[in-house]
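Take a look at the structure below.
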Amino acid sequence: MLTVYNTLTKRKEEFKPIVPSNVKMYMCGPTVYNYFHIGNGRSFVSADIIRRYFEYKGYNVKFVMNLTDIDDKIIKKAGEEKVETNKVTQKYIDAFMEDIAKLKVKKADIYPKATEHIEEIIKMIKTLEEKGLAYNVNGNVFYNVKMFNGYGKLSGKNIEDLESGARIEINEEKNSPLDFALWKKAKEGEPQWESPWGNGRPGWHIECSAMSCKHLGETFDIHAGGNDLIFPHHENEIAQSEGANDKPFVNYWLHFGFLNINDEKMSKSLGNFFTARDILKVYPAEAIRLLFTQTNYGGPLNFSEELLQSAKKGLEKLDNLKSKIDEAMKVEDSNQGVEFGFDKFYAAFEKAMDDDFNTPQAVAVVFDFVRECNKTIAETEKPGYKFYHLVKEFLTRTAEGVLGIMDFNTKESSGASLEKDLIEFLITLRLDAKKNKNYALADKIRNELNALGVELQDSKEKTTYKKIEAN
RNA sequence: GGCGCUGUAGCCAAGUGGUUUAAGGCGAAGGUCUGCAAAACCUUUAUUCGUGGGUCCGAAUCCCACCGGCGCCUCCA
């Protein structure tokens with residue numbers, strides 16, 4: 001039984017999709033005015049793993065992620081760079097797609113853009129206006145929060161507390177400070193669209209209501225996003241969608257914990273962030289994902305060089321087994337394999353993931369599995385092709401397929417063939433030296449290669465090498 | 001002030017009433033293997049889960065109090 005923690009009910013619940021074996025999932029995507037930081041990356045990876053696990057379980061998943069391509073920050077950026085807003089958004093959409101691919105995040109089925117759904121947005125605002133849930137003041141249209149019964153049910157807030165909170169700027173056009181903009185009146189020189197209320201552009205929250213409705217229906221299974229979107233963004237989405245459609249909006253709300261720096265939220269406004277692309281220049285996606293998966297998606301995670309290093313070290317254990325598998329499958333005979341209890345590892349992995357996507361537990365299962373495999377390989381003369389095949393299959397389905405912490409497709413020694421030939425020549429030289437008990441020369445070759453970033457590993461039959469970071 | 005999250009070994013972290021005399025990763029120490037290494041494997045590294053009470057046959061897990069950290073309440077994953 002798959003359970004998920006639902007922010008709406010503050011409980012773990014059994015997951016039951018609306019249509020059996022189908023999952024309709026929406027996630028709030030980026031506002032494309034900048035490169036996303038590794039904290040945003042954590043959310044994308046968390047959602048990716050959830051989506052992949054549903055697919056592992058055999059669900060047919062429709063995954064939609066919006067791209068916010070019109071808002072204040074984009075307009076500001078375009079103004080600074082003296083270009084059209086779509087120049088800015090296109091640049092960062094391209095960058096987003098590149099970075100997400102490097103992080104090994106699977107592409108969404110659809111990436112709807114706000115500017116391409118103006119018609120749907122206007123239609124929804126009109127419905128809200130007709131129902132008395134929205135009001136127009138001089139071309140600005142606001143949502144009338146007090147008219148929506150149940151405002152605050154997601155975030156656990158009530159209207160009175162919020163109103164006395166007094167951190168909301170005073171806007172004379174609003175009936176209540178809590179009311180939020182559905183449609184913003186055009187300012188000169190800014191992007192604008194025609195509407196029943198005059199030229200303008202959509203507010204931030206309405207795009208998610210309009211686009212999720214169009215692509216996933218009035219009620220869908222899962223809506224995900226960072227913790228900081230619970231209020232007001234997701235609360236407002238509920239008000240809009242349920243107000244307009246008179247149907248439950250979303251069955252399960254999932255929220256992701258922040259990535260912290262020194263126990264402080266990583267954020268653009270605090271300036272304490274690293275872009276995902278910069279981190280990816282130094283660390284492989286698998287190491288970053290291993291770090292993320294070693295803690296539950298809902299809690300905070302401190303981000304530091306030290307933790308990334310330790311994740312990277314952990315990754316080596318997986319990669320070493322991978323190399324062993326690849327080597328062995330080249331030479332082992334087919335159809336034979338020692339006994340190995342694969343089933344219990346699959347069961348343990350699924351039990352962990354079924355429990356609200358408990359990836360730390362799932363990762364522990366993978367490491368247990370790796371240790372057992374290494375043990376079997378060490379203790380068995382010839383484990384057999386079939387054994388290696390099944391080991392690879394397990395890791396491909398779990399560590400690679402769901403968690404994304406391994407990659408069996410990357411070629412190991414992808415160096416130029418001259419380089420490869422030279423290394424192999426040196427290994428041959430060294431083996432000769434070893435035969436002649438000339439250990440000084442043998443060690444010299446090994447040390448020199450090591451300093452160049454090539455690590456040699458002797459085994460009984462042969463010497464293999466792998467590339468490491470040069471010191 | 002309101003709402004929510006959180007405090008487990010040197011570090012990160014799972015576990016939320018008995019199968020846990022507390023997973024997994026990193027680090028550290030010893031060992032097996034090796035000419036020596038590396039890798040791999042084995043052993044050791046929390047009588048204890050922020051502190052103090054309480055409930056229970058039984059608590060890291062439930063309740064109360066206290067102390068500490070963080071977030072949201074304004075754009076933010």
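Convention: sequence-line order gives letters A, B, ...; per-chain numbering from 1.
Residue A:Lys434 places none of its side-chain N or O atoms closer than 4.0 Å to OP1 or OP2 of B:rG35. Taking side-chain N and O atoms only, A:Lys157 has no distance below 4.0 Å to OP1 or OP2 of B:rC72. In terms of phosphate contacts, A:Asn374 brings no side-chain nitrogen or oxygen within less than 4.0 Å of OP1 or OP2 of B:rA40.
Of all the residues in residues 222-240 of chain A, A:Gly225, A:Gly226, A:Asp228, A:Leu229, A:Phe231, A:Pro232 reach under 4.0 Å from RNA chain B with at least one non-hydrogen atom. Near RNA chain B, defined here as any heavy-atom distance below 4.0 Å, there are no residues from residues 96-112 of chain A.
The residues A:Glu419 and A:Lys467 are annotated as salt-bridged, a charged nitrogen and a carboxylate oxygen being separated by less than 4.0 angstrom. A salt bridge does not link A:Arg397 with A:Glu400: none of the charged nitrogens is closer than 4.0 Å to a carboxylate oxygen.
Judged by distance alone, with hydrogens and angles left aside, A:Arg446 brings a side-chain donor or acceptor within reach of the base of B:rC36, the pair sitting under 3.5 Å. Evaluation of atom-type donor-acceptor distances gives no pair under 3.5 Å for the side chain of A:Arg42 against the base of B:rA77.
Along RNA chain B, the nucleotide closest to A:Asn158 and the one closest to A:Arg430 are compared, and the more 5′ of them pairs with A:Asn158.
Between B:rG10 and B:rU45, the two P atoms lie 13 Å apart (nearest whole Å).
Rounded to an integer number of Å, the gap from A:Leu315 CG to B:rG27 P is 13 Å.
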